[in-house]
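Just so we're on the same page: letters track the sequence lines, and every chain starts at 1. Since the structure is predicted, the reported quantities are computational estimates derived from the model, not experimental observations.
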There are 2 protein chains.
Amino acid sequence: MRKDSRLSRVLHVLIHLDAFEHPVTSDTLAKMLNTNPVVVRRTMALLRDQGYVKSIKGHSGGWSLAKSLSDITLLDIHQTLSENSVFTIGLTDEHTACPIEHAVNRALKDAMDEAESLLLKRFGEVTLSELSIEFKAQLAT
Amino acid sequence: MRKDSRLSRVLHVLIHLDAFEHPVTSDTLAKMLNTNPVVVRRTMALLRDQGYVKSIKGHSGGWSLAKSLSDITLLDIHQTLSENSVFTIGLTDEHTACPIEHAVNRALKDAMDEAESLLLKRFGEVTLSELSIEFKAQLAT
DNA sequence: AACACATGTAACAATAAAAGTTTCATGATA
DNA sequence: TATCATGAAACTTTTATTGTTACATGTGTT
């Protein structure tokens, strides 16, 4: 199953952005991520709609942070990118009249909901500024 | 992202199997699941290799349980079907020299590992016999 | 032995979602 | 006004599950 790596990539970008004085173009970000500028715009647009970054057109334009890294958690970005379940495990819902299917799906869903809650809780406890500490420490040397 | 619904489907099948006296053919199971007999064989073969079901060829052949439902947990079947991560979230590993990427991936992985551990723990606490209780109660009425 | 039935398996097609690409429009700045 | 950059639509590629076709193998019945 193909994994959605947008979260990992976007977090990477946001922390890099913090180290730039001026806006960074989609082209530059794309090269940093070994990807395409259009993919960058597509993903960053979601973050802009939520107020985490801003985009400027034209000369010396590009992307920059709209909030401090300390005001952004992993959860914020995760929820901005995907509204769906974080699991590859799907539930069948084709035979809603079958009590066995109901029991199976309820058991799976209970466990998945509990695990997802824990995941989101952990995501909410980590700010991007914490993740940038190691990077900034390197720059200081 | 496409979900893997094999777990839900197979659990459904196993509990139904318990209610049959004789082996059930792949064709019959396929109809129960609105799918294809080859898909059934493909998935059930994994369970057979782990000793959860057995298959019999020829006349009056088919699939039957090789263990009691009370000796099978959700975790057993989950692990039989997939060895990969249960998350749709993927980590990039293209720029292993970048300390930011390292920090991001470690943070994501820590949270995901913790959540996955909880999920598997919950899966391990539920036996299939528990899920069949509701079904059997209906048959008794 | 011949036949019917069921699994075993290989090869391929369909489907779905992320990711990549091409193209052009729109807006901002020098 | 020319250039730079985002915005956005349409399309292709990629990669995994799922579905399908076809045939071989084994098993029980007549």
Side-chain angles (χ1 to χ4, degrees), chain A residues 1-10 12-13 17 20 22-49 53-64 66 78 81-94, chain B residues 1-10 12-13 17 20 22-49 53-64 66 78 81-94:
Chain A
M1 171 152 316
R2 182 165 232 195
K3 298 301 183 80
D4 181 348
S5 64
R6 288 179 301 165
L7 179 58
S8 174
R9 290 182 160 190
V10 158
H12 188 177
V13 160
L17 270 188
F20 286 88
H22 302 295
V24 182
T25 67
S26 302
D27 265 287
T28 302
L29 294 178
K31 279 166 191 158
M32 286 169 44
L33 294 177
N34 283 337
T35 183
N36 195 285
V38 178
V39 173
V40 170
R41 290 192 197 110
R42 194 149 59 197
T43 309
M44 294 293 281
L46 297 172
L47 300 191
R48 183 196 52 217
D49 295 344
V53 298
K54 53 192 169 191
S55 60
I56 299 176
K57 294 181 178 180
H59 277 277
S60 69
W63 299 91
S64 54
H78 166 68
L81 294 181
S82 88
E83 56 299 332
N84 302 327
S85 165
V86 296
F87 293 104
T88 58
I89 298 173
L91 305 183
T92 57
D93 56 353
E94 295 151 2
Chain B
M1 167 148 322
R2 183 166 231 196
K3 299 300 183 81
D4 181 349
S5 62
R6 289 179 302 164
L7 179 59
S8 174
R9 291 181 158 190
V10 158
H12 189 178
V13 160
L17 271 188
F20 285 89
H22 302 295
V24 182
T25 67
S26 302
D27 264 287
T28 302
L29 294 178
K31 279 167 191 158
M32 284 169 46
L33 294 177
N34 283 339
T35 181
N36 194 284
V38 177
V39 173
V40 171
R41 289 191 197 110
R42 195 150 56 198
T43 308
M44 293 295 279
L46 298 172
L47 300 190
R48 184 196 51 218
D49 294 345
V53 297
K54 53 192 170 191
S55 59
I56 299 177
K57 295 181 179 179
H59 278 277
S60 68
W63 299 91
S64 54
H78 166 68
L81 293 182
S82 88
E83 56 299 330
N84 301 327
S85 164
V86 296
F87 293 104
T88 57
I89 299 173
L91 305 182
T92 57
D93 55 353
E94 295 151 2

No-hydrogen, no-angle side-chain donor-acceptor test under 3.5 Å, S8(B) and S5(B): no

Do you see a donor-acceptor pair shorter than 3.5 Å between the side chains of S26(A) and W63(A)? yes

Where protein sits on nucleotides 22-30 of chain D, one letter per nucleotide: B base, S sugar-phosphate only, - none, heavy atoms under 4.0 Å: ----BBB--

Value in whole Å for how far the [atom2] atom of [N] lies from [atom1] of [X]:
X: F87(B); N: dA16(D); atom1: CZ; atom2: P; value: 19 Å
X: L81(B); N: dT17(D); atom1: CG; atom2: P; value: 11 Å
X: L46(B); N: dT9(C); atom1: CG; atom2: C1'; value: 13 Å
X: D4(A); N: dT14(D); atom1: CG; atom2: C1'; value: 15 Å
X: R9(B); N: dT18(D); atom1: CZ; atom2: P; value: 7 Å
X: K31(A); N: dG20(C); atom1: NZ; atom2: C1'; value: 16 Å
X: L29(A); N: dG20(C); atom1: CG; atom2: C1'; value: 17 Å
X: L7(A); N: dA19(C); atom1: CG; atom2: P; value: 11 Å

For L81(B) and R6(B) the tightest heavy-atom approach is O-NH2, 3.2 Å

With respect to the side chain of W63(B), which nucleotide from dA19(C), dT20(D), dT7(C) is positioned closest? dT7(C)

Among dT6(D), dT20(D), dA19(C), the one nearest any side-chain atom of R48(A) is dT6(D)

Donor-acceptor pair, side chain of [X] and main chain of [Y], under 3.5 angstrom:
X: T88(B); Y: V86(A); answer: yes
X: R48(B); Y: S55(B); answer: no
X: T43(A); Y: V39(A); answer: yes

Is there, by distance only and without an angle test, a donor paired with an acceptor across the side chain of R42(A) and the base of dG20(C) below 3.5 Å? yes

Taking the side chain as every heavy atom from C-beta outward, state whether H12(B) and L7(B) have any atom pair closer than 4.5 Å. no

Could you check whether any side-chain heavy atom of I89(B) comes within less than 4.5 Å of a side-chain heavy atom of D4(A), counting everything from C-beta outward? no

Holding to salt bridge (Lys or Arg N to Asp or Glu O under 4.0 Å), I want the full list of residues that pass it with R41(B), two or more places apart in sequence or in another chain. none

For the helix from dA1(C)-dT30(D) to dA30(C)-dT1(D), how many degrees between its two end axes (five pairs per end), to the nearest 10°? 10°

Distance check: side-chain N/O of T35(A) vs OP1/OP2 of dA19(C), anything under 4.0 Å? no

Any S55(A) side-chain N or O less than 4.0 Å from OP1/OP2 of dA5(D): no

